[in-house]
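All residue numbers refer to positions in the sequence shown, counting from 1.
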Amino acid sequence: MDHKKVAKAVIAAVGRDNMVGAAHCATRLRLVLKDDNNIDQAALDNNPDVKGTFKTNGQYQIIIGPGDVNFVYDELIKETGLKEASTEDLKKIAEQGKKFNPIMAFIKLLSDIFVPIIPALVAGGLLMALNNFLTSKGLFGPQAIVEMNPMIKGLSSMIQLMSAAPFIFMPILVAISAAKRFGANQYLGAAIGMIMTSPDLMAGKSWDIFGMQVMQNNYYYQVIPVLAAVWILSVLEKWLHKRLPAAVDFTFTPLIAVMLTGFLTFTIVGPAMKTVSDWVTNGIVWLYDTTSFIGMGVFGLTYSAIVLTGLHQSFPAIETQLITAFSNGKGAGDFIFVVASMANVAQGAATFAVWTLTKDKKMKGLASSAGVSALLGITEPALFGVNLKYKFPFFCALIGSGIAAMFAGLMHVVAVSLGSAGFLGFLSINASSIPMYIVAELISFAIAFALTFIYGKSHNELLNPAPVAAPSEPKEVKEAKTEAKKVSGVENQVVDSPVDGKSIDLGEVNDQVFSTKMMGDGAAVVPADGTIYAPADGEITVAYETKHAYGIKTDQGAEVLIHVGIDTVNLKGQHFTSNVTQGQKIKKGDVLGTADLEAIKQAGYDTTVMVIVTNTMNYASVERIDVDEVKHGDNLIAITAE
């Protein structure tokens, strides 16, 4: 790769005067731009050295690849005169360019609090769905499964208890996550949640405090009251830490903060916020009951557009209220999940239609993986990588989603738990509604696919524009490239796992560069141990200063990237060690370095290890070997040359 040439091409495409800041990680350039509308996207898409582009968190990211991105970055800095910046510096630059939006800030706050606790709610919700399956009448006859098989009655009762616990004690989960977000001690936050859900609280009774009657309200299932209580805790705790002497701070800050927070919660904040919470839930239920299937259709028609704004990040907070209300015999259930499922499947269907129509190999690869991801509930790769690029697939999907959501509303399909909003979403649906849910999903898929295919077929130039003739290369350049290709010949081989852990498909990784295989095919491992081993004999081609990634060229010609964690470049080497340097020869099983997995998790980062064959295009196939648990040295990726 001619790094200077690529840097100049990037500058020309995004605009020299349009660039505010630039940084890079192990695989991509990260740019902050004044105006994204000034990007010559076609030039970047047609550049063979650019593996993909996307925008996230105010940054425009251009995927170059390991071993090259740092040199391209150096040339870009030389050409533009921009100051070198780290990824953290770039985040600050991106934030400076944004106007403060209180609504979006509040939505991000809710997202930061609820996303970490969703696994617990999903577990409880799916257990609830399983219990509904066992106890619902009319599924396999006039009697419920548990009535036809009395021997599983005890199991059903146990499942019911396990399913209810995450929702009954949800204030504790919310309190822990909120305390972390607000900067309070998480264990004090948990204590506040426990106080608010104490079994000793007796409904209808009160405390007599200096003649004032304080009701003993229990805040089971509640969200809004505990958010307010933990925010008060955080304010009090920070205030006390600043003012109490160190000798007494450790003892009296927790005491005073918890006591004052508890008193304010039971006297003022709790009752007021519980009223607000009831208003919100009752208002949403009223809206659903009033607008019925028409409201569901309108919601389905606009849901994917809402995703583009980020407003959907606030929905889990609302959905938990709907689910807990339903479990208490109030409200119809979670209709938001149903609409989200219809929208996600529709976007996936439109993406698959693009896959069938396009002749662009890069787009075919992206569309296939992004389509599968969307059907499983993760639509960002499909939305930003495919459908919005061509525009018409996005709008065709909106129509399919709207019609399917209207049908689901007409059939009174609702969810009783959180889960994967896609084809697997039937696990979260009220048992009696599962058949109609599946029908609605098929309607969503069929309409979105058909509309996209028909429109795309009649407007073929949108998906397959006439190729732009590239300038011919001098004869000596062509000969040099041909010779280089011969020298770097590749062979069949197997790449081993560099870590112990659970092997997963790249499509499950929570980073669209890896999940859509823009960098190449391979596999990922959720690590159980932090020691990183060499997966093959070869040479270290890249050893990053941040110690979170390694580039290896194996003796058989495969170029392998081992990337430890997602966005862990931001840690700047903290919690990592490295035992190798660039150019060093390695043997399979050599220890490349270590990662302190617990410390990385505590810092808020995903520790998944990606193993990517970055020269995938040189091979006939690169496939993950289908195993679940792996040890370092176990076969992970099979590579076929011909």
List the steps and the verdict of side chain to side chain contact (heavy atoms under 4.5 Å, CB included) for Ile637 and Ile625.
CA-CA 5 Å; Ile637 302 169; Ile625 296 171; 5.9 Å; no
Answer with yes or no whether the side chains of [Y] and [X] bring together a donor and an acceptor at under 3.5 Å.
X      : Y      : result
Ser621 : Thr640 : yes
Thr554 : Gln493 : yes
Asn492 : Gln556 : no
Asn387 : Thr351 : yes

Roughly how far, to the nearest 0.5 Å, is the [atom2] atom of [Y] from the [atom1] atom of [X]?
X      : Y      : atom1 : atom2 : result
Ile113 : Ile176 : CD1   : CD1   : 13.0 Å
Asp49  : Asp2   : CG    : CG    : 8.5 Å
Leu82  : Leu76  : CG    : CG    : 6.5 Å
Trp355 : Thr452 : CH2   : OG1   : 15.0 Å
Phe514 : Ile63  : CZ    : CD1   : 9.0 Å
Leu375 : Ser341 : CG    : OG    : 11.0 Å

Of all heavy-atom pairs between [X] and [Y], which one has the smallest distance, and what is that distance?
X      : Y      : answer
Thr358 : Lys364 : O-CE, 3.0 Å
Ala382 : Gln347 : CB-O, 4.4 Å
Gln584 : Asn579 : OE1-O, 4.0 Å
Thr568 : Ile600 : CG2-CG2, 4.0 Å
Lys588 : Pro535 : CD-O, 3.8 Å
Gly583 : Glu539 : CA-OE2, 3.6 Å

Apply side chain to side chain donor-acceptor pair (under 3.5 Å) to residues Thr53 and Gln41 and explain how you reach the verdict.
CA-CA 9 Å; Thr53 63; Gln41 189 63 48; 2.8 Å; yes
Do [X] and [Y] have side-chain heavy atoms sitting under 4.5 Å apart?
X      : Y      : value
Tyr533 : Asp590 : no
Lys547 : His575 : no
Met610 : Ile566 : yes
Leu31  : Ile62  : yes
Ile586 : Asp537 : no
Ile39  : Leu44  : yes
Leu561 : Tyr550 : no
Val72  : Leu29  : yes

Quick check against the 3.5 Å criterion: does [X] have a side-chain atom that pairs as donor or acceptor with the backbone of [Y]?
X      : Y      : value
Thr546 : Gly573 : no
Arg624 : Ser503 : yes
Asp68  : Ile64  : no
Asn18  : Asp35  : yes
Asn344 : Ala421 : yes
Asp40  : Ala43  : yes

Go through the structure and list residues passing ring-ring contact (aromatic ring centres under 6.0 Å, His included) with Phe392, not counting sequence neighbours.
Tyr455
Are Leu636 and Asp634 close enough, and set up right, to give a side chain to side chain contact (heavy atoms under 4.5 Å, CB included), and what steps lead you there?
CA-CA 6 Å; Leu636 183 66; Asp634 288 351; over 6 Å; no
Would you check, one step at a time, whether the test salt bridge (Lys or Arg N to Asp or Glu O under 4.0 Å) holds for Asp628 with Lys502?
CA-CA 5 Å; Asp628 289 330; Lys502 180 183 178 183; over 6 Å; no
Could you pull out all residues at least two apart from Ser515 that satisfy side chain to side chain contact (heavy atoms under 4.5 Å, CB included)?
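Expected list: Pro381, Gln512.
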Asp496 vs His632, test: side chain to side chain contact (heavy atoms under 4.5 Å, CB included). Steps then yes/no.
CA-CA 7 Å; Asp496 293 341; His632 69 273; over 6 Å; no
N-O pairing of Lys4 and Glu75 below 4.0 Å
no
Arg30 with Asp567: basic N within carboxylate O range, under 4.0 Å
yes
Taking the six-membered ring for Trp, are His3 and Phe71 parallel (under 30°), tilted (30 to 60°) or perpendicular (over 60°)?
tilted
Is the ring pair His548/Tyr544 parallel, tilted or perpendicular, if the boundaries are 30 and 60 degrees?
tilted
Count the heavy atoms belonging to other residues, nucleotides or ligands that lie under 6.0 Å from CG of Asp17, then report whether that count exceeds 12.
no
Would Thr594 and Phe576 satisfy side chain to side chain contact (heavy atoms under 4.5 Å, CB included), going step by step from the backbone distance to the final call?
CA-CA 6 Å; Thr594 63; Phe576 291 94; over 6 Å; no
